[in-house]
Novice: 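What follows is a single structure, and I will ask about it in a moment.
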Amino acid sequence: MSSNDPFRPALERAFAHALGHLSSSDVRPIGATTGLIELRARFNRSLPERGTDAVQVIDDLVRDAEGGILGCDSGRFFGWVIGGTLPAALAADWLVSTWDQNAAIHACAPAESVIEEVASGWLKQLFGLPQSASFAFVTGTQMAHVTCLAAARHRLLMRAGWNVEEQGLAGAPAIRILTSSERHGSIERAIRILGFGKRAVTALSCNECGQLTPDKLAHALESGASRPTIVVLHAGDLNIGAFDPFAELIPIARRFGAWVHVDGAFGLWAAASPKYRHLLEGVELADSWTNDGHKWLNTPFDCGYAFVADSEAHRGAFSHRTSYTQFVDDARDQIEWNPEWSRRGRGVPTYAALRQFGRAGIADLVERCSAHAHALVTRIGALPGAELIWAPVINQGLVRFRDLRPDATEPDHDRRTDEIIARIVASGEAFFGGTTWRGKRCMRVSVCNWQTSAGDVDRAVRAAQIALG
Ligand SMILES: *Cc1c(COP(=O)(O)O)cnc(C)c1O
């Protein structure tokens, strides 16, 4: 690089700021410390008339964001289901921005197109999915649902003599969706985007373990058996990480000609561990599956995966060829499978993360995070004034905090739970979120950061103990 290289100064600043951020997670508060009004006041300059030096732009950005960055990179971040960033994945992601490839088609991003092929093959091996399944690297499970359910729509309506890509949905046979009461909101959003409408959804109640049962599913399938049907199952639901019994349910759905879609946003990773693989028995019999890289694999945002057994249906839903795009024989053009046109090369950080971990590293990650989740939930749940609500099956569990007044009611316990969560977050020592589960406010514990250690668990338990006073 020459000394007047236009990139070096800003990149060097960003590099220094990045290292400073990553190396300070032990001493930084994990939650945000700067409020909305202050953040707006800092960023909301009037549109600049003249440009600003690149280094200044970067320095200002870091200064103004201070206190408005959650410590998701920390081993003590247990909110939602988020995960951190693995070194190889982060570094590879910087290269994705540097290379600035448009991963729409092979001709625009030749190496990226091949990296996606290889990384998807590795993912299918880890998840135990058929190697013949087609795939798409998308922004997250939300768009993976859209991708997979668009394939389902194509196939189910084609079977009913209706070409949805040509004819649209008006006048088409109505598709119904059977799923569980524990579904993630992204499923409903996919259903809205695809034009099925929320009324097409029937939510079936689960058993005590948060699973759909064969008799419930069979009963629902029998009534209205002539309608094209999608069954959405779960590999790890958002609150307790429940796994539907795939080996029992999928053959039943098959008998009725239903398309089976599996939301495996984080739970599919359990297949990488010999200890937890049994939870996914039969999952490979489904028609489509989703998973996120940006959660348990610890790639940077955004990164999710869609897999479809019926590759023809998948391609039928998205294929698009124009006169001005160039096609290379035998190469994989992402646009044939993805909802986006221009897009980021998401295969690259995935490939890098899978290489840094290796198969054994991922098995270890799954088992380690699950052990930490179990320790957190059982230890916090055993504190005076706390109640263990759900011990993790894998990496997700629930705790509730009780109002100890003798006449306390359920709403009092709900309030107490939110109050204790807020106190823990305000301590800066750890971050947890709340959820309403079976009508009760709970603290949700999710462990999916590769850096979470036994020391982090101790610090978080201590923070909960102090919050309980
Ligand atoms: C996170 C999550 C989603 C949504 O995934 P995004 O990557 O945020 O789009 C869907 N289902 C489950 C079970 C999840 O945990």
Side-chain angles (χ1 to χ4, degrees), residues 70 72 77-85 89 123 127 135-150 177 179-194 201 203 206 209-212 230-244 246 260-271 279-280 283 286 288-307 338-340 343-344 346 349-350 353 366 369-370 373 390 392-398 432-437 442 444-449:
L70 292 186
C72 303
F77 189 93
F78 308 113
W80 299 285
V81 189
I82 284 194
T85 299
L123 291 170
F127 299 152
F135 63 91
F137 284 64
V138 292
T139 48
T141 287
Q142 170 70 80
M143 285 310 292
H145 286 326
V146 170
T147 305
C148 291
L149 297 184
I177 295 102
T179 183
S180 93
S181 50
E182 305 305 312
R183 71 195 171 282
H184 189 276
S186 56
I187 291 167
E188 233 135 50
R189 289 196 351 134
I191 283 162
R192 283 161 51 192
I193 293 169
L194 290 166
V201 178
C206 292
C209 300
Q211 303 168 309
L212 280 184
I230 298 170
V231 174
V232 179
L233 302 180
H234 287 86
D237 86 288
L238 72 160
N239 284 315
I240 62 170
F243 289 76
D244 284 322
F246 305 108
V260 180
H261 174 66
V262 176
D263 181 347
F266 58 91
L268 277 187
W269 291 107
L279 296 168
L280 288 155
V283 77
S288 55
W289 307 262
T290 67
N291 178 258
D292 276 325
H294 55 217
K295 289 178 179 167
W296 224 348
L297 185 59
N298 284 253
T299 69
F301 289 95
D302 44 33
C303 187
Y305 319 116
F307 301 95
N338 271 78
E340 308 96 341
R343 59 187 278 278
R344 186 170 178 79
R346 297 189 188 95
T350 298
V366 168
C369 289
S370 300
W390 195 270
V393 178
I394 46 167
N395 66 329
Q396 307 278 124
L398 301 172
F432 295 96
T435 186
T436 301
W437 187 73
C442 295
R444 186 148 61 124
V445 177
S446 170
V447 184
C448 39
N449 190 305

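Order of appearance sets the numbers: ligands from 1, and atoms from 1 within every ligand.
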Novice: Check contact between Gly304 and ligand 1, using heavy atoms of the residue and a distance below 4.0 angstrom.
Specialist: no
Novice: Which atoms of ligand 1 are found less than 4.0 Å from any heavy atom of Phe266?
Specialist: 15 (O)
Novice: Below 4.0 Å from ligand 1: does a non-hydrogen atom of His234 turn up there or not?
Specialist: no
Novice: In the protein, which heavy atom is nearest to atom 11 (N) of ligand 1, and how far is it?
Specialist: Asp263 OD2, 2.7 Å
Novice: Starting from atom 6 (P) of ligand 1, which protein heavy atom do you reach first, and at what distance in Å?
Specialist: Thr141 N, 3.5 Å
Novice: When rounded to the nearest 0.5 angstrom, what is the spacing between CD1 in Ile191 and OG in Ser186?
Specialist: 9.5 Å
Novice: For the pair Asn395 (side chain) and Ala373 (backbone), establish whether a donor and an acceptor sit closer than 3.5 Å, ignoring hydrogens and angles.
Specialist: no
Novice: Contact between ligand 1 and Asp292 is defined here as a heavy atom of the residue under 4.0 Å from a ligand atom; is it met?
Specialist: yes
Novice: Can you confirm whether Val366 sits close enough to Trp296 that some side-chain heavy atom of one is under 4.5 Å from a side-chain heavy atom of the other?
Specialist: yes
Novice: May I ask you to list the atoms of ligand 1 that are less than 4.0 angstrom from any heavy atom of Ala265?
Specialist: 2 (C), 11 (N), 12 (C), 13 (C), 14 (C), 15 (O)
Novice: What residue and heavy atom of the protein are closest to atom 4 (C) of ligand 1, and at what distance?
Specialist: His184 CE1, 3.5 Å
Novice: So do the side chains of Leu194 and Val146 get within less than 4.5 Å of each other, counting heavy atoms only?
Specialist: yes
Novice: Flag the pair Trp289 / Leu268 as yes when at least one side-chain heavy-atom distance between them is below 4.5 Å, and no otherwise.
Specialist: yes
Novice: Is the closest side-chain heavy-atom distance between Trp80 and Arg444 below 4.5 Å?
Specialist: yes
Novice: For ligand 1, which atoms have a heavy atom of Gln142 less than 4.0 angstrom away?
Specialist: 5 (O), 6 (P), 9 (O)
Novice: Please list, in number order, the atoms of ligand 1 under 4.0 Å from a heavy atom of Lys295.
Specialist: 1 (C), 2 (C), 3 (C), 4 (C), 5 (O), 14 (C), 15 (O)
Novice: Ignoring hydrogens and angles, tell me if any N or O in the side chain of Asp263 forms a donor-acceptor pair with the backbone of Asp237 under 3.5 Å.
Specialist: no
Novice: Below 4.0 angstrom from a heavy atom of Gly236, which ligand 1 atoms are there? Numbered from 1 as shown, please.
Specialist: 13 (C)
Novice: State if Arg183 counts as touching ligand 1 under the rule of any non-hydrogen atom under 4.0 Å.
Specialist: no
Novice: With heavy-atom distances below 4.0 Å as the criterion, list the atoms of ligand 1 near Gly140.
Specialist: 7 (O), 9 (O)
Novice: Among Trp269, Phe135, Tyr305, find the one that has a ring-ring contact (aromatic ring centres under 6.0 Å, His included) with Phe127.
Specialist: Trp269
Novice: For the pair His261 and Val231, evaluate side-chain contact (heavy atoms from CB on, under 4.5 Å) and give the outcome as yes or no after the intermediate values.
Specialist: CA-CA 6 Å; His261 174 66; Val231 174; over 6 Å; no
